[in-house]
Peer 1: 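Can you read through this structure? Questions will come right after.
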Amino acid sequence: MTSLLAVLAIGLAAVQEPAEVRAFEPQGFVTSVTVEIAAPVAEVFDAATGDVTGWWDHSFSENPAEMVIEPRFGGRFYERFEPGSGNGSLHARVIFVNAPNQLRLHGPLGLSGRAVDLVSSWQLEETAEGEATRFTVELHMAGEIDAELAGIVRNVWQHFIGARLKPYVEAGCHLAPEAPCSAFAG
């Protein structure tokens with residue numbers, strides 16, 4: 001034990017400049033986003049999971065080879081940087097699924113590199129008129145996050161569901177995902 005302490009002391013003495021240590025105040029926030037999409041629940045769920053590269057537009061790679069949400073318990077939401085490569089990012093894990101009505105992701109998503117615990121719970125239900133799907137994302141965030149960043153996360157989810165998934169589905173792009181999506185042309 002003494003020799004281990006001596007080795008650690010020598011290693012610490014060799015460090016020329018002490019590393020900066022900054023404290024942060026952990027905080028927690030809850031928010032939600034609800035968007036109506038003119039399509040049946042099962043169709044919206046299928047478009048929102050599996051290969052999501054057609055509508056999900058935030059990634060670590062400029063042009064990711066894959067963006068996939070595996071809609072099963074224990075599934076992954078991952079980004080593969082190049083085809084067949086082991087390089088990529090695990091955005092979240094699927095911790096709950098009751099297809100086609102519920103999905104829950106646990107992971108940092110775009111906040112990778114921060115001490116953040118983020119749970120994104122999806123609820124898809126038919127509207128009272130039966131002509132659309134009410135898609136609600138509830139976000140529970142804790143850790144290295146402040147009110148401003150929590151607001152940004154909420155706005156990004158509003159963008160994903162309201163400005164990307166909704167027009168993607170309503171334009172029928174999910175039916176031909178290999179073709180250019182007319183909802184995003186121009």
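Computed from a predicted structure; not experimentally measured.
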Peer 1: Report yes if the side chains of I69 and L103 come closer than 4.5 Å at any heavy-atom pair, otherwise no.
Peer 2: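 With C-beta onward as the side chain, the pair touches.
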Peer 1: Over all heavy atoms of both residues, which pair between H140 and V30 is shortest? Give the atoms and the distance, please.
Peer 2: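 Taking H140 first and V30 second, the nearest heavy atoms are ND1-CG2, 3.4 Å.
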Peer 1: Got D51 and P177 here, is their nearest side-chain heavy-atom distance under 4.5 Å?
Peer 2: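 Side-chain contact under 4.5 Å: no.
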Peer 1: Mind listing the closest non-hydrogen atom pair of V137 and L139 along with its distance?
Peer 2: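 Where V137 meets L139 most closely, the heavy atoms are CG1-CD2, 3.7 Å.
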Peer 1: Are L111 and V156 connected in the hydrophobic side-chain network, where two residues link if heavy atoms are under 4.5 Å apart?
Peer 2: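 Same hydrophobic cluster.
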Peer 1: When you group the ILVMFWY residues by side-chain heavy-atom contacts below 4.5 Å and let the links chain together, are V35 and I152 in the same group?
Peer 2: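 Yes, it is one cluster - the side chains of I152 and V35 are joined through contacts under 4.5 Å.
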Peer 1: Could you give the distance from CZ (F45) to CD (Q102), rounded to the nearest 0.5 Å?
Peer 2: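 The CD atom of Q102 is 9.5 Å from CZ of F45, to the nearest 0.5 Å.
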Peer 1: In the structure I gave you, are the side-chain heavy atoms of F77 and L109 within less than 4.5 Å of one another anywhere?
Peer 2: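 Of all side-chain heavy-atom pairs linking L109 with F77, at least one is under 4.5 Å.
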Peer 1: If you define the side chain from C-beta out and look only at heavy atoms, does anything of L105 sit under 4.5 Å from I95?
Peer 2: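 L105 does not reach I95 side chain to side chain.
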Peer 1: What closest approach, in Å, do S59 and M67 show between heavy atoms, and which atom pair accounts for it?
Peer 2: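 Result for this residue pair: CB-SD, 4.1 Å.
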Peer 1: Pair R93, R76 - check side-chain contact (heavy atoms from CB on, under 4.5 Å), show working.
Peer 2: CA-CA 5 Å; R93 287 261 182 213; R76 303 165 297 162; 3.1 Å; yes
Peer 1: Within the side chain of E170, is there an N or O that forms a donor-acceptor pair under 3.5 Å with the backbone of A38?
Peer 2: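 The answer is yes, because a donor-acceptor pair under 3.5 Å joins these two groups.
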Peer 1: Could you walk me through whether T31 and M141 pass the side-chain contact (heavy atoms from CB on, under 4.5 Å) check?
Peer 2: CA-CA 9 Å; T31 187; M141 301 167 264; 3.8 Å; yes
Peer 1: Can you check whether C173 reaches F184 side chain to side chain, under 4.5 Å on heavy atoms?
Peer 2: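 A side-chain contact under 4.5 Å is absent here.
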Peer 1: Could you tell me which non-hydrogen atom of V41 sits nearest to which non-hydrogen atom of E125, and how far apart they are?
Peer 2: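 So the minimum-distance heavy-atom pair works out to CG2-C, 3.6 Å.
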Peer 1: For the atom pair CD (E43) and CG (L175), what is the distance rounded to the nearest 0.5 Å?
Peer 2: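 One finds 6.0 Å between CD of E43 and CG of L175.
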Peer 1: Do W157 and L149 sit in one hydrophobic cluster, given that two such residues count as connected whenever their side-chain heavy atoms are within less than 4.5 Å of each other, even indirectly?
Peer 2: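 Yes, one cluster joins them.
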Peer 1: Rounded to the nearest 0.5 Å, what separation is found between the CD atom of E126 and the CD atom of E131?
Peer 2: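 Those atoms lie 9.5 Å apart.
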Peer 1: What about the rings of F96 and H106, do their centers lie closer together than 6.0 Å?
Peer 2: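 F96 vs H106: aromatic centres not under 6.0 Å.
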Peer 1: Would you compute the distance between atom CD1 of I37 and atom OG1 of T127 and round it to the nearest 0.5 angstrom?
Peer 2: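 So the CD1 of I37 and the OG1 of T127 are separated by 11.5 Å.
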Peer 1: Can you tell me how far CZ of R134 sits from CD of E36, rounded to the nearest 0.5 angstrom?
Peer 2: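 One finds 5.0 Å between CD of E36 and CZ of R134.
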Peer 1: Please work out whether the ring planes of H174 and Y168 are parallel, tilted or perpendicular, with thresholds of 30° and 60°.
Peer 2: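 Taking Y168 first and then H174, their aromatic rings sit tilted (interplane angle of 30° to 60°).
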Peer 1: Between A42 and P100, what is the shortest heavy-atom contact and its length?
Peer 2: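 Smallest interatomic distance, heavy atoms only, reads CA-CB, 3.8 Å.
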Peer 1: Is there any ring pair (Phe, Tyr, Trp, His ring centres under 6.0 Å) pair reaching into residues 17-42, and which pairs are they, with sequence neighbours excluded?
Peer 2: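 Of all non-adjacent pairs touching residues 17-42, none passes ring pair (Phe, Tyr, Trp, His ring centres under 6.0 Å).
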Peer 1: Does the side chain of D57 reach to within under 4.5 Å of the side chain of H159, using non-hydrogen atoms?
Peer 2: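 Yes - at least one pair of side-chain heavy atoms lies under 4.5 Å apart.
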Peer 1: Between S61 and E79, what is the shortest heavy-atom contact and its length?
Peer 2: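 Answer, listing the atom of S61 first, then E79: N-OE2, 2.7 Å.
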Peer 1: Please answer whether the main-chain N or O of A47 pairs with a side-chain N or O of W55 as donor and acceptor at a distance below 3.5 Å.
Peer 2: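 Yes: the side chain of W55 pairs with the backbone of A47.
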Peer 1: Are the side chains of V169 and F135 in touch, meaning some heavy atoms are under 4.5 Å apart?
Peer 2: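 A side-chain contact under 4.5 Å is absent here.
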Peer 1: Kindly determine whether D146 and E25 satisfy side-chain contact (heavy atoms from CB on, under 4.5 Å), including the steps that lead there.
Peer 2: CA-CA 9 Å; D146 58 20; E25 191 68 34; over 6 Å; no
Peer 1: Classify the ring geometry of F160 against W56: parallel below 30°, tilted from 30° to 60°, perpendicular beyond 60°.
Peer 2: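 Rings of F160 and W56: parallel, under 30°.
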Peer 1: Taking the side chain as every heavy atom from C-beta outward, state whether F60 and N87 have any atom pair closer than 4.5 Å.
Peer 2: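 Of all side-chain heavy-atom pairs linking N87 with F60, none is under 4.5 Å.
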Peer 1: With rounding to the nearest 0.5 angstrom, report the CD1 to CD distance, I145 to Q27.
Peer 2: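 Answer for the CD1-CD pair, I145 versus Q27, is 8.5 Å.
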